[in-house]
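For the numbers below, each heavy atom of this structure counts, side chains included, while hydrogens, waters and symmetry mates do not.
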Amino acid sequence: MTTASHISPLVGRYGTTEVLATDGMIALMNLEAQIDGQQSEAMLDHSTVEAQVALIELITLRGLILGRIVDYECADGIAERLTRSEAADGAAFVARARIRATLHLFADALNDLAIAERLSSLIETINVERAAIFQALGRYDEALAIRQGAADLRPSFETLGALAGLRGELGEFETAETLYQESRNRYRGVSPFPLALLDFQCGLMWMNNGRLDHARMSFDAARRLVPAYAPAQGHLAEVEAEFGDIETAVARLYPLAISSDDPDYAAQLARILRKAGRALESRHWCQQAAARYDELVVSHPEAFADHAAEFWLAAGADPIKALRLARMNLEVRKTPRAYDLFSQAVRSSQGSRVATGL
């Protein structure tokens with residue numbers, strides 16, 4: 001096994017924390033091999049619920065790392081079949097709740113967790129999933145009660161990292177930063193994926209609150225751990241463009257826009273190219289993103305209404321369409337970011353009506 005040394009971007013403030021993790025490319029190949037092995041086992045007549053759940057989790061992780069919506073759809077299909085064939089097993093419903101939450105089907109996911117609670121004794125696992133959904137819905141008090149309780153009872157890489165994400169979303173940045181470092185200090189694995197996900201989560205906290213210098217370090221740390229980590233590469237490109245490093249940002253986004261079935265990368269590329277005065281190139285990627293967003297808003301409206309609204313507010317230049325999607329997103333989740341997006345869409349659509357004389 002090849003390992004690489006990783007030093008947290010927080011070391012300047014909290015001291016040196018060096019972690020040895022498997023090389024990111026090797027880890028990705030291992031993930032693919034695990035998926036192949038689990039798929040073979042899942043095809044057997046006597047395949048266990050545990051094997052099916054493991055396959056769902058592995059495919060979902062690959063989708064998260066590589067930016068592959070098709071993986072989420074595949075995992076969702078397996079989970080649906082599993083709950084039909086194993087309707088008395090709570091673990092099957094927890095697995096379906098996870099992938100439903102990934103696709104922002106939060107009410108359905110909470111219903112699955114309620115079923116799982118009646119069928120099994122997996123209360124700790126169920127509460128972890130509930131907390132994530134409550135946080136996504138903007139039900140912060142309920143999420144905090146679970147997250148803080150779990151961290152107090154069993155402080156670990158997972159519980160402290162989850163609490164850090166919530167504290168950051170609540171605007172408690174110093175507390176969140178300390179928790180991120182405490183979480184990393186407790187990591188005992190060798191896989192780079194959990195660490196990369198933690199750095200990415202930290203980067204989002206800083207990016208969403210205008211601390212682009214900190215965000216850049218965190219996204220770069222995630223990228224160095226797992227070079228194929230598409231969301232980290234994409235957000236790093238976005239920050240680089242804000243700092244004026246257009247060519248680096250464009251070079252980083254091009255392969256993602258080509259390979260990923262997630263239109264976010266084409267949308268970001270179109271916006272950055274247009275801002276750089278490269279209108280013809282921008283138009284091409286704008287058309288690609290628009291077509292794909294329209295498909296996804298039909299097939300997965302809850303999951304893509306927010307990103308589609310952001311696209312139509314920026315590169316897509318259709319504020320009326322953006323307003324409809326931002327309203328749809330706000331109906332699903334009552335978070336500060338959802339309200340901000342809706343407010344931006346309202347202002348932009350009003351300006352558009354004035355400009356066109358409507």
Does R337 come within less than 4.0 Å of D340, counting only side-chain N to carboxylate O?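 Looking at R337 and D340, the cut-off is not met.
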Under the side-chain contact (heavy atoms from CB on, under 4.5 Å) rule, collect the residues that match up with A51, sequence neighbours excluded.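 So A51 forms a side-chain contact (heavy atoms from CB on, under 4.5 Å) with Q38, E41, S47, T48.
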Where do [X] and [Y] come nearest, in terms of heavy atoms and distance?
X    : Y    : result
A176 : M205 : CB-SD, 3.6 Å
T60  : Y72  : O-CE2, 3.6 Å
A221 : D199 : CB-OD2, 3.5 Å
S349 : L323 : OG-CD2, 3.5 Å

Centre-to-centre under 6.0 Å for F219 and F200, is that the case here?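 F219 vs F200: aromatic centres under 6.0 Å.
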The test is side-chain contact (heavy atoms from CB on, under 4.5 Å); show your working for R223 and R252 and say whether it passes. CA-CA 11 Å; R223 175 201 64 81; R252 200 178 295 283; 3.2 Å; yes
Please walk me through it: do H214 and E177 pass side-chain hydrogen bond (donor to acceptor under 3.5 Å, both in side chains)? CA-CA 11 Å; H214 286 44; E177 198 173 13; 4.8 Å; no
CG of D152: more than 12 outside heavy atoms within 6.0 angstrom?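 Yes.
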Would one find more than 12 heavy atoms of other residues, nucleotides or ligands at under 6.0 Å from atom CD of E124?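 Counting neighbours around CD of E124, 12 or fewer heavy atoms of other residues, nucleotides or ligands fall under 6.0 Å, so no.
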V70 backbone acceptor or donor facing D261 side chain under 3.5 Å: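 Answer holds: yes.
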T159 side chain to R154 backbone, donor-acceptor under 3.5 Å: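 Between the backbone of R154 and the side chain of T159 there is a qualifying donor-acceptor contact (under 3.5 Å).
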Between L61 and L225, is there a shared hydrophobic cluster once you connect ILVMFWY residues whose side-chain heavy atoms come closer than 4.5 Å?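 L61 clusters together with L225.
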State, without any angle test, whether Y180 and N185 hold a side-chain donor-acceptor pair at a distance under 3.5 Å.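 N185 and Y180 do not have a side-chain donor-acceptor pair below 3.5 Å.
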Are E117 and V94 close enough, and set up right, to give a side-chain contact (heavy atoms from CB on, under 4.5 Å), and what steps lead you there? CA-CA 9 Å; E117 192 168 16; V94 172; over 6 Å; no
